[in-house]
*Asks:* 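Below is a structure I'd like to ask you about.
Keep in mind that what you see is a predicted model, and the values were worked out from it rather than measured.
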Amino acid sequence: LCWSTYFGADQRDDVQRSCTDAANNYYVAGSTSSDFLIFPEAPGTEFYANAGGLVSFVYKVDQNDVSAWRVFYGGQGNENTVPGGLLVKEGAEPMVYMAGTTNATTLDVLSAGTAYYDGASTSSLNKGFIAKFSVALGERFWSTYFGETDLLINGMALGDQDRIYLCGRGEGSLPVVQDTPPTGSLNRPYGGGQDGFGAMLNADDRLQWISWFDGEADDAAFEVVTHENKVVFAGITESSDFYTYDGGSVAWDHAFSGELGDAWVAELDLDCVPQWISCYGADQSQNFSTITLGRNALAIDPITGDVIIAGYVLWDGLNIVPGPGWFDYTSAVLQLNGFVARFSHGARELIWSSYISGSEMVDIQCAYVDPLGNLFLAGRTRDLNLQLPSQPGIYHTDIMQQDLFSGFPENSDAFLLCFAPGNWLAYGSYFGGNAGNSHEYIFSILRRNGNIYTAGYTSKPDGLPLTYFPLHDTNVPGVYFQEFYGDATTTFTSDGFIAVFCADVLTGIEVFADDGPAGVAWE
């Protein structure tokens, strides 16, 4: 490990999103109910009264991992505000945007020129929120509620022309656009139940487009990503009539499978004109499987433009497409089986799909493709039989720490996998500890300074009998390091963590095949 640390204070903390900017600063966003005064020290803090609820935070470290600033954002009293997206918009004065979901009626909102603005919420049900802070000091420039009662923002992405895309789910009504939507852009009516939605803010943060992704039952949009001339949304659906759009002669064009639930993928151009919308389900099963995507498990390969989704399926029935590299046909019986699927750029053909499983639960929560074309998958697992190849110079363990939940033993750790271009499984490791009263997850991955930055949460303390969580102190002045688990209660609590894997080894790849099994060699 290059650098790893607990991240939080005396109550519940977790890290859910991360991003970088053009100057290679690193940002994480999450939620906390801890005392602000003992949260990781940094300047630029905005304080809000916190009496039992969760508030969101953004924390910035500079190019050398030295603390730069932190900012809290949320309501007062026992209200919850949690992030669903984080990005940096460059320009003359770069800005950090955080979006998410709140049930607070006391959110501190701030209008800014003609930017979208909704200044009030009288309902205790969820609404979206968007907040904008300066990269320099974390000063807040704009913040607003977004949407009507019972609306969640789950994802956010930056596209060409400084446009911001949002996604989530809602019920019944959406915000009214401020400007004329682009010609031909998707314009779906409300379908019933909970529906997924997508939205676009223009360069001036004005709402220019919004539409449902929907059918007659419950649907949701979990994530949105952009690449060159396209924006891709993904989510889940229970609707037998979920709206689809033909993606071409060899595209994966599937209607709802007839199972309990499907994933869906929607490719639009940057003006939100539909190019391809398809379901992806366990349609070889017996009408009782369902798929869930990870909260950050939609990615686009920056080299090929391929679209990748990941998550888990309960129980089996996926169409497995081997592709040239590693794959696994086998699903664990009556378990949550991890899966990954890759759709080709342009043709939108399913070119690789595989289970990621062995004998127990594998819950994939994030997918990330680095600038070299390496695909990383991470989340949480109880599977003692994951294939976890090692590579010299990078943290590795194939031994899962046994948890002790309320005195009952259970195996559960976070995990990290790396697939080289061509879908070769090149590296994997468990990552976690034991004891605690919950578990740990990796929710976010990105490559920075040649290394792999991961973030998430854990309930596994360090320094108590039979406990362990991988830690490393770089001993560099200013680098934040918290050696001890911060939660001080016996109820469900957690600490966030940031763990940086020294990953220079994951740079040069030579694929080989002989008379035996194919594999990879690292330069």
Side-chain angles (χ1 to χ4, degrees), residues 1-48 50 54-74 81 83 86-90 93-98 131-141 442-458 462 469-487 494-502:
L1 292 175
C2 287
W3 168 48
S4 64
T5 178
Y6 290 115
F7 190 90
D10 60 338
Q11 297 295 322
R12 178 178 174 180
D13 316 287
D14 64 80
V15 181
Q16 298 164 356
R17 293 283 179 165
S18 66
C19 69
T20 58
D21 63 20
N24 203 31
N25 298 301
Y26 177 61
Y27 304 81
V28 295
S31 56
T32 181
S33 60
S34 291
D35 187 332
F36 297 148
L37 295 177
I38 57 176
F39 203 74
E41 184 177 356
T45 302
E46 293 190 25
F47 288 97
Y48 296 93
N50 182 18
L54 293 169
V55 298
S56 293
F57 64 83
V58 181
Y59 177 74
K60 173 187 174 181
V61 300
D62 67 14
Q63 301 92 326
N64 300 311
D65 293 335
V66 175
S67 300
W69 53 256
R70 63 180 184 177
V71 62
F72 298 103
Y73 185 68
T81 302
L86 182 70
L87 60 82
V88 174
K89 183 186 287 190
E90 305 291 346
E93 187 172 7
M95 294 287 171
V96 181
Y97 288 73
M98 176 174 61
K132 174 181 176 181
F133 309 93
S134 72
V135 160
L137 296 174
E139 179 186 0
R140 183 163 51 96
F141 276 71
I442 293 174
F443 282 139
S444 178
I445 309 171
L446 57 80
R447 183 183 281 275
R448 176 173 178 263
N449 297 329
N451 298 315
I452 302 303
Y453 281 63
T454 67
Y457 77 77
T458 181
D462 180 71
F469 192 78
L471 292 171
H472 183 69
D473 184 0
T474 62
N475 292 314
V476 176
V479 173
Y480 176 76
F481 178 70
Q482 180 175 319
E483 184 176 4
F484 298 106
Y485 182 80
D487 295 343
S494 62
D495 262 15
F497 70 82
I498 301 171
V500 184
F501 293 78
C502 301

*Asks:* How close do Gln16 and Ser444 get, heavy atom to heavy atom, and via which atoms?
*Replies:*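 In this case the closest contact between Gln16 and Ser444 is O-CB, 4.1 Å.
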*Asks:* Give a yes or no on whether the backbone of Val135 and the side-chain of Lys60 come within a donor-acceptor separation of less than 3.5 Å.
*Replies:* yes
*Asks:* Between CG of Asp13 and OG of Ser31, what distance do you get to the nearest 0.5 Å?
*Replies:* 8.0 Å
*Asks:* Hey, are the side chains of Asp65 and Trp3 touching, using non-hydrogen atoms and a 4.5 Å cut-off?
*Replies:* yes
*Asks:* Taking ring-ring contact (aromatic ring centres under 6.0 Å, His included) as the criterion, tell me which of Phe501, Tyr26, Phe497 meets it with Tyr453.
*Replies:* Tyr26
*Asks:* Is there a side-chain contact between Tyr59 and Ser67, using heavy atoms and a 4.5 Å cut-off?
*Replies:*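 The answer is yes; the side chains approach within 4.5 Å.
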*Asks:* Nearest heavy-atom pair of Ser134 and Leu137: which atoms, and what distance?
*Replies:* OG-N, 3.3 Å
*Asks:* From Asn25 CG over to Arg448 CZ, what is the distance, rounded to the nearest 0.5 angstrom?
*Replies:* 7.0 Å
*Asks:* If every non-hydrogen atom of Leu471 is compared with every non-hydrogen atom of Thr5, which pair is closest and at what distance?
*Replies:* CD2-CA, 4.0 Å
*Asks:* Could you check whether any side-chain heavy atom of Trp69 comes within less than 4.5 Å of a side-chain heavy atom of Asp62, counting everything from C-beta outward?
*Replies:*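 SC-SC contact between Trp69 and Asp62 ruled out.
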*Asks:* So how far is it from Arg17 CZ to Ser56 OG, rounded to the nearest 0.5 Å?
*Replies:* 12.0 Å
*Asks:* Indicate whether the side chain of Asp14 and that of Ser494 have a donor and an acceptor atom separated by less than 3.5 Å.
*Replies:* no
*Asks:* Which atom names give the shortest non-hydrogen contact between His472 and Cys2, and what distance separates them?
*Replies:* CD2-O, 3.0 Å
*Asks:* Set out, in order, the CA-CA distance, both residues' side-chain angles and the distance that settles side chain to side chain contact (heavy atoms under 4.5 Å, CB included) for Thr81 and Met98, then state yes or no.
*Replies:* CA-CA 11 Å; Thr81 302; Met98 176 174 61; over 6 Å; no
*Asks:* Quick check for you: to the nearest 0.5 Å, what is the distance between Tyr457 atom OH and Tyr6 atom OH?
*Replies:*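 Spacing of OH (Tyr457) from OH (Tyr6) equals 14.5 Å.
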*Asks:* Can you tell me how far the CZ atom of Phe469 sits from the CG atom of Asp495, to the nearest 0.5 Å?
*Replies:*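 Here the interatomic distance stands at 9.0 Å.
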*Asks:* I'd like to know whether the aromatic ring centres of Tyr27 and Phe133 sit less than 6.0 Å apart in this structure.
*Replies:*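 Tyr27 vs Phe133: aromatic centres not under 6.0 Å.
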*Asks:* For Val479 and Asn64, what are the C-alpha separation, side-chain angles and deciding distance, and is it a side chain to side chain contact (heavy atoms under 4.5 Å, CB included)?
*Replies:* CA-CA 8 Å; Val479 173; Asn64 300 311; over 6 Å; no
*Asks:* Considering all heavy atoms of both residues, which atom of Leu87 and which atom of Cys19 are nearest to each other, and what is their separation?
*Replies:* CA-SG, 3.9 Å
*Asks:* Identify, with sequence neighbours excluded, every residue that meets side-chain hydrogen bond (donor to acceptor under 3.5 Å, both in side chains) alongside Thr20.
*Replies:* none
*Asks:* Nearest 0.5 Å please: distance from the OG1 atom of Thr32 over to the CZ atom of Phe7.
*Replies:*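 Nearest 0.5 Å value for the OG1-CZ distance: 9.0 Å.
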*Asks:* Where the side chain of Asp21 meets the backbone of Ala23, is there a donor-acceptor pair that is under 3.5 Å apart?
*Replies:* yes
*Asks:* Could you report the tightest heavy-atom contact between Val71 and Gly138, atom names first, then the distance?
*Replies:* CG2-O, 4.0 Å
